[in-house]
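Right, one structure below, let's go through it.
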Amino acid sequence: MAELTEQEQIRRNSLAELKNLGINPYPAALYEVNCKSAEILEQFPKDNTLFQNVSIAGRIMSRRIMGAASFVELQDSYGRIQLYIKRDEICPDEDKTLYNTVFKRLLDIGDIIGVTGYVFVTQMGETSIHVKSLTVLSKSLRPLPIVKEKDGVVYDAFSDPELRYRQRYVDLIVNPQVRETFVQRTKIINTMRSFFNEQGYLEVETPVLQVIPGGAAARPFITHHNALDMELYLRIADELYLKRLIVGGYAGVYEFSRNFRNEGIDRTHNPEFTCMEIYVAYKDYNWMMTFVETMLGRIAQELHGTTKVNVWGHEIDFGGPFRRAPMCELIKEQTGYDVENMDEQQLRDTCKALNIEVDETMGKGKLIDAIFGEKCEPTLIQPTFVTDYPIDMSPLCKRHRDNSNLTERFELFVCGKELANAYSELNDPIDQLERFQEQLRLSEKGDDEAMFIDMDFVRALEYGMPPTSGMGIGIDRLVMMMTDEQNIQDVLLFPLMKPEKKAAVTTDEDFVKHGVPAEWVPVIRKAGINTISQLKAANPNKLFNDLGGLRKKMKLDIPAVRKEQIESWINK
RNA sequence: GUCUUGGUAGCUCAGCUGGUAGAGCAAUUGACUCUUAAUCAAUGGGUCCAGGGUUCGAAUCCCUGCCAGGACACCA
């Protein structure tokens, strides 16, 4: 077992002392709460007859003790409020243990308590609760990072990203703006959900474990089902299932879908992430653009009270209507090249002229996409619908009504990043099968993201799917934009981290089994020996001296160890 | 995957050309009845990420590894 730090040991001692005083540090009974910190701070200054009998619970975030009176900052789920605790108020009788011992000595920053009392304003003008009674609700055994703040300046911020993501609970306790980000994330999702529900679209759930990972071009995670003894894939998208449901007759279906892609991890990619996909029958991609505009405007409005949002240093207006421009037009605008009617070789030459890296596996679509990605994407700051993509980039999308080399597809770009992707969905089963087969050829050419053929999906289309428009939007990216976060890890509660390394430590029992008396185990650890192998490699004379010195230094009341003993441990 | 920066007390960080580790907050003890980054006094607290090397001597220099951040590449 790892050694406890001094502060942890002190808290455990306090815990034991609380128990000795007959106080349960983890009581079972509910604690009646009748108000919220934020409500008090908002309403009391306007009407000071309110809150004269409050009961509130939360975590102690700071303490200022002045003899027989103290101030505590109590944090509940809604904010912080100051408590004024006076000894003779919570201990009206002779016995002052609750204040002098329990509150002043045995409670710490991080402990959770409940108090009752009345609200007043201090001489310094701070709305506070005058405490009449105090109940210990949960003792905290680890010290929290202490973050202080004055006039908007934060001191000693808890900012190490590794600690923040690994121990998100600590991050949430001490960084209120982090708690707020996740409230906003949920608000965004709720806004979308109501928007869809109002129009009668049905929220559904489709399989995460799939036999054929379809609906996107991406590398999947593979897992194994024991009873069936077969490989299964974690979904990379839910598109093909939702379209089966449109075949089944629903007017519109949507899903907030956790997807898994076995690709790189960086500032904008996590192996599991959330997409919202929606499919609506009898619509096309023009209708969908308007739908998306309305949805985004509404989200911004709900969240910020305006459609103008600061995103990564730009003021973005989600008010719409957004610019709509065909991909080839944008390329022409940025590069001067008209790629619309070029063949593969001409495209390669153009890439070369523009200094864009290409490789042999890239077909026409990927070449055009490379030019677009390099030259156009970064310029699309205000929301822009990029429309009419080349056909071999979009195997699930309907051909353009005016040009059969293009598709009725749009992507929405904001701040140079793709935010949403939508089609007039391909519902011609024969064309769909051919497109899948083309993907197979790309795959054979070496494109490891080309799609699998899903024959059941083709079969579904053969029964007839109404003209349908579908749209997918990256929820994590949307939340990043709406909350002005640069990092996907800041909008995911628990981003994937590599496991913490566990130092291979020998347990105390192992040392005892090895012949070391239990009372000496902490001492030899103190001497820097934490494994049996370290012990065996130790110099007996040095260890003998060290242990003698430590015995004195640690003021241990145990007999001195003999050198023969040490030799027996080492030679065992 | 490549390059790059970092890992020192519970937290935030200093630590120069190598000489046995320091501050603030937190903690402990004490003073103080309206404080608010409370204040004052005293005290304790470290496997300087891990492992190797150079050296009389390494937190510091070198190598390897682990973890994290950033940039680039890859990724609809």
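Everything numeric in this text was worked out from a predicted model, so none of it was measured. Residue numbers start from 1 in every chain, and the chains themselves are labelled A, B, ... in the order their sequence lines are given, proteins ahead of strands.
In this structure, A/N13 places its CG atom 14 Å from C1' of B/G44, rounding to the nearest Å. In this structure, the CD atom of A/E162 is 15 Å from the C1' atom of B/C11, given to the nearest Å. Going from atom CD1 of A/I265 over to atom P of B/A71 covers 16 Å, rounded to whole Å. Rounded to whole Å, atom P of B/A26 lies 7 Å from atom CD1 of A/I109. Put simply, CD on A/Q9 is 14 Å from P on B/G10, counting in whole angstrom units. Taking atom CG on A/L163 and atom C1' on B/U8, their separation rounds to 14 Å, with Å as the unit. Remark: P of B/G70 and CG of A/D160 are 12 Å apart, rounded to the nearest angstrom. Distance CD (A/Q486) to C1' (B/G70): 12 Å, rounded to an integer number of Å.
Taking atom P in both B/G6 and B/G45, the straight-line distance is 31 Å, to the nearest Å. B/C49 and B/G44 have their P atoms separated by 24 Å, with the value rounded to a whole Å. For B/G22 and B/U36, the C1' atoms lie 29 Å apart once the distance is rounded to whole Å. Taking atom C1' on both nucleotides, B/U4 is separated from B/A14 by 23 Å, rounded to a whole Å. Taking atom C1' on both nucleotides, B/A58 is separated from B/G52 by 13 Å, rounded to a whole Å. Separating the P atom of B/U43 from that of B/U60 is a span of 31 Å, rounded to the nearest Å. B/C56 and B/C16: their C1' atoms are spaced 23 Å apart (whole Å). Going from the P atom of B/A73 to that of B/A37 covers 47 Å, rounded to whole Å.
The side chain of A/D108 lies closest to B/A27 when the candidates are B/A27, B/U35, B/U29. Out of B/G24, B/G10, B/U33, the shortest distance to the side chain of A/A69 is found at B/U33. Distance from the side chain of A/Y84 is smallest to B/C34 among B/C34, B/A68, B/U12. Comparing B/A27, B/C34, B/A68 against the side chain of A/R166 picks out B/A68 as the nearest.
In this structure the side chain of A/R87 never reaches within 4.5 angstrom of the side chain of A/I90, judged on heavy atoms.
For A/F71, the ring pair (Phe, Tyr, Trp, His ring centres under 6.0 Å) partners two or more places apart in sequence, or in a different chain, are A/Y84. Scanning for side-chain contact (heavy atoms from CB on, under 4.5 Å) contacts around A/T350 gives A/Y337, A/M342, A/L354, A/I371, with sequence neighbours left out. Judged as a side-chain hydrogen bond (donor to acceptor under 3.5 Å, both in side chains), and not counting sequence neighbours, the contacts of A/D490 are A/R164, A/Y165. In this structure A/E344 satisfies the side-chain hydrogen bond (donor to acceptor under 3.5 Å, both in side chains) test together with A/R348, sequence neighbours excluded. In this structure, A/T122 has no side-chain hydrogen bond (donor to acceptor under 3.5 Å, both in side chains) partners at least two apart in sequence or on a different chain.
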Any protein N or O atoms within reach of nucleotides 38-42 of chain B? Criterion: under 3.5 Å, listing atom names and distances.
residue : atom : partner : partner atom : Å
B/A38   : OP1  : A/K148  : NZ           : 2.5
B/A38   : OP2  : A/R64   : NH1          : 2.9
B/A38   : N6   : A/I65   : O            : 2.6

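Scanning both residues, A/P213 and A/Y233, for their nearest heavy atoms gives CD-CD1, 3.5 Å.
The aromatic rings of A/Y285 and A/H400 sit perpendicular, their planes meeting at an angle over 60°, well past the 30° parallel limit.
Partner assigned to B/A50 is B/U64, using Watson-Crick or G-U wobble distances below 3.5 angstrom. The base-pairing partner of B/C25, taking Watson-Crick or G-U wobble contacts with both distances under 3.5 Å, is B/G10. In this structure B/U20 sits in no base pair that meets the Watson-Crick or G-U test at under 3.5 Å. Across all strands shown, B/G45 forms no Watson-Crick or G-U wobble pair with both distances under 3.5 Å. Across all strands shown, B/U39 pairs with B/A31; the Watson-Crick or G-U wobble distances both stay below 3.5 Å. Base pairing analysis places B/U4 opposite B/G69; the two distances defining the Watson-Crick or G-U wobble pair are each below 3.5 Å.
Using a 4.0 Å heavy-atom distance criterion, A/N487 is classed as a sugar-phosphate-only contact. A/Y99 comes within 4.0 angstrom of no nucleic acid atom, judged by non-hydrogen atoms across all strands. At the heavy-atom level, A/E126 lies under 4.0 Å from base atoms of the strands shown. The residue A/R267 sits close only to the backbone: its heavy atoms come under 4.0 Å of sugar-phosphate atoms, none of a base. Using a 4.0 Å heavy-atom criterion, one finds that A/R105 contacts the sugar-phosphate atoms exclusively. Residue-level contact check: A/D266 touches the bases, meaning some heavy atom is under 4.0 Å from a base atom.
Taking the ring axis of A/F221 as reference, the NZ or CZ atom of A/R235 does not stay both within 45° of it and closer than 6.0 Å to the ring centre. A cation-pi geometry, defined here as NZ or CZ lying under 6.0 Å from the six-membered ring centre and within 45° of its normal, holds between A/R409 and A/Y389.
Put simply, the side chain of A/E6 and the base of B/A27 share no donor and acceptor less than 3.5 Å apart. Evaluation of atom-type donor-acceptor distances gives a pair under 3.5 Å for the side chain of A/D156 against the base of B/G24.
Both A/A157 and A/E149 lie close to RNA chain B; mapped to their nearest nucleotides by heavy-atom distance, the more 5′-ward contact belongs to A/A157. Mapping A/Y155 and A/F158 onto RNA chain B via the closest heavy atom, the residue that lands nearer the 5' end is A/F158.
Distances shorter than 4.0 Å separate some side-chain N or O of A/Q489 from OP1 or OP2 on B/G69.
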